[in-house]
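Per chain, numbering begins at 1; letters A, B, ... match sequence-line order. Quick note: numbers below take in every heavy atom, side chains included, and nothing from hydrogens, waters or symmetry partners.
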Number of protein chains: 2
Amino acid sequence: MSELRLSPIERLVKALRRLPGIGEKTATRLAYFLLAAPRSVAEELGQAISRLLEEVVLCEECFNLTERSPCKICGDPSRASGELCVVEEPSDLASIEKAGVFRGRYHVLGGTLAPLEGIGPEDLRIAPLLERIRRDVVKEVILATNPSPEGEATALFVAEQLRALKVPVTRIGYGMPVGGDLEYVDAVTVRKSLENRRQFSI
Amino acid sequence: MSELRLSPIERLVKALRRLPGIGEKTATRLAYFLLAAPRSVAEELGQAISRLLEEVVLCEECFNLTERSPCKICGDPSRASGELCVVEEPSDLASIEKAGVFRGRYHVLGGTLAPLEGIGPEDLRIAPLLERIRRDVVKEVILATNPSPEGEATALFVAEQLRALKVPVTRIGYGMPVGGDLEYVDAVTVRKSLENRRQFSI
(Lines give C-alpha, C1' and ligand atoms only; values in the text may rest on other atoms or scores of the structure.)
Protein backbone atom coordinates (compact mmCIF):
# COMPACT_ATOMS: atom_id res chain seq x y z
CA MET A 1 0.00 0.00 0.00
CA SER A 2 1.53 3.35 -0.97
CA GLU A 3 2.12 6.03 1.67
CA LEU A 4 -0.28 8.40 -0.11
CA ARG A 5 -3.21 6.02 0.08
CA LEU A 6 -3.02 5.51 3.85
CA SER A 7 -5.80 7.16 5.83
CA PRO A 8 -4.76 9.55 8.64
CA ILE A 9 -5.53 6.83 11.18
CA GLU A 10 -3.53 4.19 9.31
CA ARG A 11 -0.63 6.61 8.96
CA LEU A 12 -0.64 7.23 12.71
CA VAL A 13 -0.85 3.51 13.51
CA LYS A 14 2.13 2.90 11.22
CA ALA A 15 4.16 5.68 12.88
CA LEU A 16 3.29 4.45 16.39
CA ARG A 17 4.32 0.88 15.53
CA ARG A 18 7.89 2.02 15.03
CA LEU A 19 8.13 2.75 18.77
CA PRO A 20 9.62 0.03 20.99
CA GLY A 21 7.09 -2.24 22.66
CA ILE A 22 4.14 -0.98 20.59
CA GLY A 23 2.48 -3.49 18.27
CA GLU A 24 -0.48 -3.07 15.94
CA LYS A 25 -3.17 -3.50 18.60
CA THR A 26 -1.64 -1.02 21.02
CA ALA A 27 -1.01 1.44 18.17
CA THR A 28 -4.64 1.16 17.03
CA ARG A 29 -5.90 1.60 20.57
CA LEU A 30 -3.72 4.71 21.03
CA ALA A 31 -4.86 6.20 17.70
CA TYR A 32 -8.55 5.84 18.56
CA PHE A 33 -7.84 7.14 22.05
CA LEU A 34 -6.32 10.30 20.53
CA LEU A 35 -9.39 10.77 18.32
CA ALA A 36 -11.79 10.40 21.24
CA ALA A 37 -9.78 12.34 23.86
CA PRO A 38 -10.00 16.11 24.35
CA ARG A 39 -8.33 17.97 21.45
CA SER A 40 -5.52 19.22 23.69
CA VAL A 41 -4.17 15.70 24.33
CA ALA A 42 -3.30 15.09 20.68
CA GLU A 43 -2.27 18.70 20.08
CA GLU A 44 0.18 18.79 22.96
CA LEU A 45 1.63 15.39 22.09
CA GLY A 46 2.06 16.28 18.40
CA GLN A 47 3.75 19.56 19.31
CA ALA A 48 6.00 17.99 21.94
CA ILE A 49 7.23 15.40 19.43
CA SER A 50 7.66 17.87 16.57
CA ARG A 51 9.55 20.35 18.73
CA LEU A 52 11.73 17.73 20.41
CA LEU A 53 14.27 17.46 17.60
CA GLU A 54 14.29 21.19 16.89
CA GLU A 55 14.94 22.24 20.45
CA VAL A 56 17.28 19.57 21.79
CA VAL A 57 21.04 19.75 21.10
CA LEU A 58 24.12 18.11 22.61
CA CYS A 59 26.09 20.00 25.27
CA GLU A 60 29.61 20.59 23.88
CA GLU A 61 31.13 19.95 27.31
CA CYS A 62 29.40 16.86 28.68
CA PHE A 63 27.39 15.61 25.65
CA ASN A 64 24.13 15.64 27.58
CA LEU A 65 20.92 16.51 25.72
CA THR A 66 20.07 20.15 26.42
CA GLU A 67 18.25 23.18 25.07
CA ARG A 68 21.44 25.23 24.89
CA SER A 69 25.15 24.45 25.06
CA PRO A 70 26.81 24.47 27.58
CA CYS A 71 23.99 22.82 29.52
CA LYS A 72 22.61 24.01 32.85
CA ILE A 73 24.89 21.69 34.83
CA CYS A 74 28.11 22.59 32.97
CA GLY A 75 27.22 26.27 33.24
CA ASP A 76 26.48 26.15 36.99
CA PRO A 77 29.56 27.36 38.98
CA SER A 78 28.25 25.72 42.17
CA ARG A 79 28.73 22.33 40.53
CA ALA A 80 32.45 22.82 39.83
CA SER A 81 33.33 20.39 42.63
CA GLY A 82 35.92 18.51 40.60
CA GLU A 83 33.83 15.35 40.67
CA LEU A 84 33.14 14.03 37.18
CA CYS A 85 30.52 11.30 36.75
CA VAL A 86 30.86 9.24 33.54
CA VAL A 87 27.62 7.68 32.26
CA GLU A 88 26.57 5.77 29.18
CA GLU A 89 23.49 7.72 28.08
CA PRO A 90 21.62 11.00 28.79
CA SER A 91 18.84 8.94 30.37
CA ASP A 92 21.36 7.62 32.95
CA LEU A 93 22.37 11.19 33.75
CA ALA A 94 18.71 12.12 34.22
CA SER A 95 18.28 9.19 36.61
CA ILE A 96 21.26 10.29 38.76
CA GLU A 97 20.03 13.90 38.77
CA LYS A 98 16.66 12.70 39.99
CA ALA A 99 18.32 11.04 42.99
CA GLY A 100 19.47 14.57 43.92
CA VAL A 101 22.66 13.48 45.72
CA PHE A 102 25.39 14.24 43.19
CA ARG A 103 26.60 17.85 42.95
CA GLY A 104 29.46 17.49 40.44
CA ARG A 105 29.40 17.35 36.66
CA TYR A 106 28.87 14.62 34.08
CA HIS A 107 30.36 13.14 30.95
CA VAL A 108 28.08 11.17 28.63
CA LEU A 109 29.96 8.48 26.68
CA GLY A 110 27.14 7.84 24.25
CA GLY A 111 27.02 4.07 24.74
CA THR A 112 29.29 1.18 25.64
CA LEU A 113 32.04 -0.69 23.86
CA ALA A 114 30.54 -3.47 21.73
CA PRO A 115 33.23 -5.02 19.53
CA LEU A 116 30.81 -7.52 18.00
CA GLU A 117 28.61 -4.66 16.80
CA GLY A 118 31.63 -2.70 15.61
CA ILE A 119 31.43 -0.08 18.37
CA GLY A 120 35.00 0.73 19.44
CA PRO A 121 36.58 3.41 21.69
CA GLU A 122 36.59 5.93 18.85
CA ASP A 123 32.76 5.70 18.66
CA LEU A 124 32.39 6.79 22.30
CA ARG A 125 33.33 10.22 23.72
CA ILE A 126 36.47 8.93 25.44
CA ALA A 127 38.96 11.28 23.75
CA PRO A 128 36.93 14.38 24.77
CA LEU A 129 36.81 12.94 28.32
CA LEU A 130 40.62 12.67 28.52
CA GLU A 131 40.98 16.16 27.07
CA ARG A 132 38.54 17.53 29.63
CA ILE A 133 40.42 15.93 32.53
CA ARG A 134 43.73 17.32 31.27
CA ARG A 135 42.25 20.81 30.97
CA ASP A 136 39.92 21.12 34.00
CA VAL A 137 40.57 20.55 37.70
CA VAL A 138 39.19 17.03 38.21
CA LYS A 139 39.59 15.52 41.67
CA GLU A 140 37.70 12.29 41.05
CA VAL A 141 36.23 10.42 38.11
CA ILE A 142 33.19 8.33 39.05
CA LEU A 143 32.56 5.58 36.50
CA ALA A 144 28.76 5.22 36.48
CA THR A 145 28.32 2.95 33.47
CA ASN A 146 25.73 0.23 34.02
CA PRO A 147 26.64 -2.96 35.94
CA SER A 148 26.14 -5.02 32.77
CA PRO A 149 28.98 -6.91 31.00
CA GLU A 150 29.25 -4.09 28.42
CA GLY A 151 29.15 -1.39 31.10
CA GLU A 152 31.84 -3.14 33.16
CA ALA A 153 34.07 -3.62 30.13
CA THR A 154 33.66 0.04 29.20
CA ALA A 155 34.43 1.16 32.78
CA LEU A 156 37.58 -0.99 32.74
CA PHE A 157 38.69 0.44 29.41
CA VAL A 158 38.10 4.04 30.51
CA ALA A 159 39.94 3.41 33.80
CA GLU A 160 42.94 2.10 31.88
CA GLN A 161 42.94 5.21 29.70
CA LEU A 162 42.81 7.42 32.80
CA ARG A 163 45.73 5.73 34.59
CA ALA A 164 48.33 7.93 32.94
CA LEU A 165 46.48 11.07 34.05
CA LYS A 166 46.92 10.15 37.76
CA VAL A 167 43.34 11.05 38.63
CA PRO A 168 41.49 9.02 41.30
CA VAL A 169 38.92 6.77 39.63
CA THR A 170 35.96 5.22 41.44
CA ARG A 171 33.19 2.91 40.32
CA ILE A 172 29.58 3.02 41.54
CA GLY A 173 28.81 -0.30 43.05
CA TYR A 174 26.81 -1.26 46.11
CA GLY A 175 23.14 -0.86 45.61
CA MET A 176 22.89 -1.47 41.88
CA PRO A 177 21.39 -4.86 41.11
CA VAL A 178 23.67 -6.75 38.71
CA GLY A 179 22.12 -6.79 35.23
CA GLY A 180 20.04 -3.72 36.11
CA ASP A 181 19.82 -0.46 34.23
CA LEU A 182 20.45 2.99 35.70
CA GLU A 183 17.65 4.41 33.64
CA TYR A 184 14.97 2.33 35.34
CA VAL A 185 16.24 1.92 38.87
CA ASP A 186 14.64 3.77 41.81
CA ALA A 187 16.19 6.93 43.26
CA VAL A 188 17.21 5.31 46.59
CA THR A 189 19.24 2.63 44.83
CA VAL A 190 20.96 5.27 42.70
CA ARG A 191 21.78 7.25 45.86
CA LYS A 192 23.19 4.16 47.60
CA SER A 193 25.32 3.26 44.64
CA LEU A 194 26.82 6.76 44.67
CA GLU A 195 27.41 6.79 48.45
CA ASN A 196 29.02 3.36 48.39
CA ARG A 197 31.32 3.92 45.44
CA ARG A 198 34.68 2.19 45.78
CA GLN A 199 38.22 2.62 44.46
CA PHE A 200 38.43 1.20 40.95
CA SER A 201 41.20 -1.41 40.68
CA ILE A 202 42.44 -2.75 37.40
CA MET B 1 6.45 23.14 38.06
CA SER B 2 5.06 25.58 35.49
CA GLU B 3 4.51 24.49 31.89
CA LEU B 4 7.05 27.06 30.67
CA ARG B 5 9.89 25.67 32.73
CA LEU B 6 9.58 22.11 31.43
CA SER B 7 12.39 20.98 29.14
CA PRO B 8 11.37 19.62 25.70
CA ILE B 9 11.96 16.08 27.00
CA GLU B 10 9.92 16.63 30.16
CA ARG B 11 7.13 18.16 28.07
CA LEU B 12 7.07 15.09 25.83
CA VAL B 13 7.10 12.69 28.79
CA LYS B 14 4.17 14.58 30.29
CA ALA B 15 2.21 14.43 27.02
CA LEU B 16 2.94 10.71 26.55
CA ARG B 17 1.80 9.91 30.09
CA ARG B 18 -1.72 11.00 29.20
CA LEU B 19 -2.01 8.01 26.85
CA PRO B 20 -3.67 4.87 28.25
CA GLY B 21 -1.27 2.25 29.61
CA ILE B 22 1.78 4.55 29.46
CA GLY B 23 3.40 5.42 32.80
CA GLU B 24 6.41 7.57 33.54
CA LYS B 25 9.02 4.90 32.79
CA THR B 26 7.52 3.91 29.44
CA ALA B 27 7.07 7.59 28.54
CA THR B 28 10.72 8.34 29.39
CA ARG B 29 11.91 5.33 27.41
CA LEU B 30 9.84 6.41 24.38
CA ALA B 31 11.11 10.01 24.61
CA TYR B 32 14.78 8.94 24.62
CA PHE B 33 14.05 6.44 21.86
CA LEU B 34 12.68 9.27 19.69
CA LEU B 35 15.81 11.34 20.35
CA ALA B 36 18.13 8.48 19.41
CA ALA B 37 16.13 7.10 16.45
CA PRO B 38 16.49 8.37 12.87
CA ARG B 39 14.95 11.83 12.49
CA SER B 40 12.15 10.52 10.29
CA VAL B 41 10.64 8.41 13.11
CA ALA B 42 9.83 11.43 15.29
CA GLU B 43 8.97 13.63 12.32
CA GLU B 44 6.44 11.19 10.87
CA LEU B 45 4.90 10.50 14.27
CA GLY B 46 4.59 14.20 15.12
CA GLN B 47 3.00 14.94 11.75
CA ALA B 48 0.64 11.97 11.92
CA ILE B 49 -0.63 13.09 15.33
CA SER B 50 -0.89 16.77 14.41
CA ARG B 51 -2.74 16.05 11.18
CA LEU B 52 -5.05 13.45 12.70
CA LEU B 53 -7.52 15.93 14.16
CA GLU B 54 -7.38 18.27 11.16
CA GLU B 55 -8.08 15.58 8.61
CA VAL B 56 -10.54 13.30 10.34
CA VAL B 57 -14.26 14.15 10.43
CA LEU B 58 -17.44 12.19 11.17
CA CYS B 59 -19.42 10.76 8.25
CA GLU B 60 -22.87 12.40 8.28
CA GLU B 61 -24.50 9.14 7.23
CA CYS B 62 -22.94 6.44 9.39
CA PHE B 63 -20.89 8.50 11.93
CA ASN B 64 -17.69 6.65 11.10
CA LEU B 65 -14.40 8.58 11.22
CA THR B 66 -13.44 9.57 7.68
CA GLU B 67 -11.48 12.07 5.63
CA ARG B 68 -14.58 13.30 3.84
CA SER B 69 -18.32 12.94 4.37
CA PRO B 70 -20.03 10.78 3.17
CA CYS B 71 -17.33 8.19 3.83
CA LYS B 72 -16.00 5.70 1.27
CA ILE B 73 -18.42 3.00 2.40
CA CYS B 74 -21.55 5.20 2.38
CA GLY B 75 -20.50 6.59 -1.01
CA ASP B 76 -19.90 3.16 -2.59
CA PRO B 77 -22.99 2.09 -4.64
CA SER B 78 -21.82 -1.56 -4.60
CA ARG B 79 -22.37 -1.62 -0.85
CA ALA B 80 -26.04 -0.63 -1.06
CA SER B 81 -27.10 -4.19 -0.19
CA GLY B 82 -29.70 -3.14 2.34
CA GLU B 83 -27.74 -4.72 5.19
CA LEU B 84 -27.00 -2.26 7.97
CA CYS B 85 -24.48 -3.22 10.63
CA VAL B 86 -24.83 -1.30 13.91
CA VAL B 87 -21.60 -1.00 15.96
CA GLU B 88 -20.55 0.84 19.10
CA GLU B 89 -17.37 2.58 17.92
CA PRO B 90 -15.41 3.36 14.72
CA SER B 91 -12.74 0.90 15.89
CA ASP B 92 -15.36 -1.88 15.84
CA LEU B 93 -16.29 -0.92 12.27
CA ALA B 94 -12.59 -1.07 11.30
CA SER B 95 -12.34 -4.55 12.83
CA ILE B 96 -15.32 -5.84 10.81
CA GLU B 97 -13.98 -4.24 7.62
CA LYS B 98 -10.67 -6.02 8.20
CA ALA B 99 -12.47 -9.36 8.26
CA GLY B 100 -13.51 -8.54 4.68
CA VAL B 101 -16.77 -10.51 4.73
CA PHE B 102 -19.43 -7.82 5.18
CA ARG B 103 -20.50 -5.89 2.06
CA GLY B 104 -23.28 -3.73 3.47
CA ARG B 105 -23.13 -0.43 5.32
CA TYR B 106 -22.66 0.61 8.94
CA HIS B 107 -24.10 2.76 11.65
CA VAL B 108 -21.84 3.83 14.51
CA LEU B 109 -23.77 4.41 17.74
CA GLY B 110 -20.93 6.16 19.49
CA GLY B 111 -20.96 4.01 22.63
CA THR B 112 -23.37 1.99 24.72
CA LEU B 113 -26.14 2.82 27.14
CA ALA B 114 -24.70 3.38 30.62
CA PRO B 115 -27.38 4.76 32.93
CA LEU B 116 -25.00 4.90 35.91
CA GLU B 117 -22.67 7.18 33.95
CA GLY B 118 -25.59 9.22 32.70
CA ILE B 119 -25.39 7.95 29.11
CA GLY B 120 -28.93 7.53 27.85
CA PRO B 121 -30.45 6.79 24.41
CA GLU B 122 -30.28 10.48 23.46
CA ASP B 123 -26.47 10.40 23.83
CA LEU B 124 -26.16 7.64 21.20
CA ARG B 125 -27.02 7.98 17.49
CA ILE B 126 -30.22 5.99 17.79
CA ALA B 127 -32.58 8.66 16.41
CA PRO B 128 -30.45 9.07 13.24
CA LEU B 129 -30.48 5.27 12.89
CA LEU B 130 -34.29 5.13 12.96
CA GLU B 131 -34.50 8.02 10.52
CA ARG B 132 -32.06 6.27 8.17
CA ILE B 133 -34.08 3.04 8.23
CA ARG B 134 -37.30 4.95 7.52
CA ARG B 135 -35.67 6.74 4.58
CA ASP B 136 -33.43 4.08 2.97
CA VAL B 137 -34.19 0.56 1.77
CA VAL B 138 -32.96 -1.55 4.68
CA LYS B 139 -33.50 -5.32 4.44
CA GLU B 140 -31.72 -6.32 7.63
CA VAL B 141 -30.25 -4.59 10.68
CA ILE B 142 -27.32 -6.52 12.17
CA LEU B 143 -26.73 -5.53 15.79
CA ALA B 144 -22.96 -5.83 16.21
CA THR B 145 -22.52 -4.21 19.60
CA ASN B 146 -20.05 -6.04 21.84
CA PRO B 147 -21.15 -9.15 23.76
CA SER B 148 -20.66 -7.30 27.06
CA PRO B 149 -23.51 -6.47 29.47
CA GLU B 150 -23.58 -2.88 28.13
CA GLY B 151 -23.47 -4.04 24.50
CA GLU B 152 -26.26 -6.57 25.07
CA ALA B 153 -28.43 -3.99 26.83
CA THR B 154 -27.86 -1.52 24.01
CA ALA B 155 -28.70 -4.15 21.36
CA LEU B 156 -31.90 -4.98 23.23
CA PHE B 157 -32.87 -1.31 23.45
CA VAL B 158 -32.18 -0.69 19.75
CA ALA B 159 -34.11 -3.84 18.77
CA GLU B 160 -37.11 -2.58 20.75
CA GLN B 161 -36.94 0.76 18.99
CA LEU B 162 -36.80 -1.00 15.61
CA ARG B 163 -39.81 -3.25 16.25
CA ALA B 164 -42.31 -0.65 14.98
CA LEU B 165 -40.36 -0.31 11.72
CA LYS B 166 -40.93 -3.99 10.84
CA VAL B 167 -37.34 -4.50 9.71
CA PRO B 168 -35.63 -7.86 10.35
CA VAL B 169 -33.11 -7.51 13.17
CA THR B 170 -30.25 -9.96 13.78
CA ARG B 171 -27.55 -10.14 16.40
CA ILE B 172 -23.98 -11.31 15.81
CA GLY B 173 -23.35 -14.21 18.09
CA TYR B 174 -21.43 -17.40 17.54
CA GLY B 175 -17.74 -16.90 17.54
CA MET B 176 -17.44 -13.89 19.78
CA PRO B 177 -16.06 -14.81 23.19
CA VAL B 178 -18.35 -13.44 25.92
CA GLY B 179 -16.74 -10.42 27.57
CA GLY B 180 -14.57 -9.88 24.48
CA ASP B 181 -14.19 -6.73 22.43
CA LEU B 182 -14.71 -6.45 18.66
CA GLU B 183 -11.81 -4.09 18.44
CA TYR B 184 -9.25 -6.67 19.56
CA VAL B 185 -10.62 -9.95 18.26
CA ASP B 186 -9.01 -11.78 15.31
CA ALA B 187 -10.48 -11.54 11.81
CA VAL B 188 -11.63 -15.20 11.71
CA THR B 189 -13.71 -14.79 14.85
CA VAL B 190 -15.28 -11.63 13.44
CA ARG B 191 -16.11 -13.48 10.21
CA LYS B 192 -17.67 -16.41 12.12
CA SER B 193 -19.76 -14.11 14.25
CA LEU B 194 -21.13 -12.47 11.11
CA GLU B 195 -21.82 -15.78 9.32
CA ASN B 196 -23.56 -17.23 12.37
CA ARG B 197 -25.76 -14.27 13.16
CA ARG B 198 -29.18 -15.20 14.49
CA GLN B 199 -32.64 -13.70 14.65
CA PHE B 200 -32.83 -11.21 17.50
CA SER B 201 -35.69 -12.04 19.89
CA ILE B 202 -36.91 -9.66 22.55
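The shortest distance between side-chain heavy atoms of Leu12(A) and Leu45(B) falls below 4.5 Å.
Contacts with chain A (heavy atom to heavy atom, under 4.5 Å) involve these residues of residues 72-107 of chain B, listed by number: Pro90(B), Ser91(B), Ala94(B), Lys98(B).
Counting heavy-atom pairs under 4.5 Å between each of Ala15(A), Pro20(A), Ala42(A) and chain B puts Pro20(A) at the top. Heavy-atom pairs under 4.5 Å with chain B peak, among Ile9(A), Val13(A), Thr66(A), at Ile9(A).
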Walk me through whether Leu34(B) and Leu19(A) qualify under side chain to side chain contact (heavy atoms under 4.5 Å, CB included). CA-CA 8 Å; Leu34(B) 286 172; Leu19(A) 300 178; 3.7 Å; yes
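Ser50(A) contributes atom OG, which lies 8.5 Å from atom CD of Glu43(B) (distance to the nearest 0.5 angstrom). Atom CG of Leu35(B) and atom CG of Leu65(A) lie 5.5 Å apart (nearest 0.5 Å).
Heavy atoms of other residues, nucleotides or ligands lying less than 6.0 angstrom from CZ of Arg68(B) number 12 at most.
Contact of Ala31(B) with chain A is made through the backbone alone, with heavy-atom distances under 4.5 Å. Heavy-atom distances place the side chain of Leu30(B), and not its backbone, under 4.5 Å from chain A. Looking at Tyr32(B), only its side chain comes within 4.5 Å of chain A, counting heavy atoms on both sides. Residue Phe33(A) touches chain B through its side chain alone, counting heavy-atom pairs closer than 4.5 Å.
Of the residues Lys14(A), Arg18(A), Arg11(A), Arg17(A), the one that meets the salt bridge (charged side-chain N to carboxylate O under 4.0 Å, His left out) test with Glu44(B) is Arg18(A).
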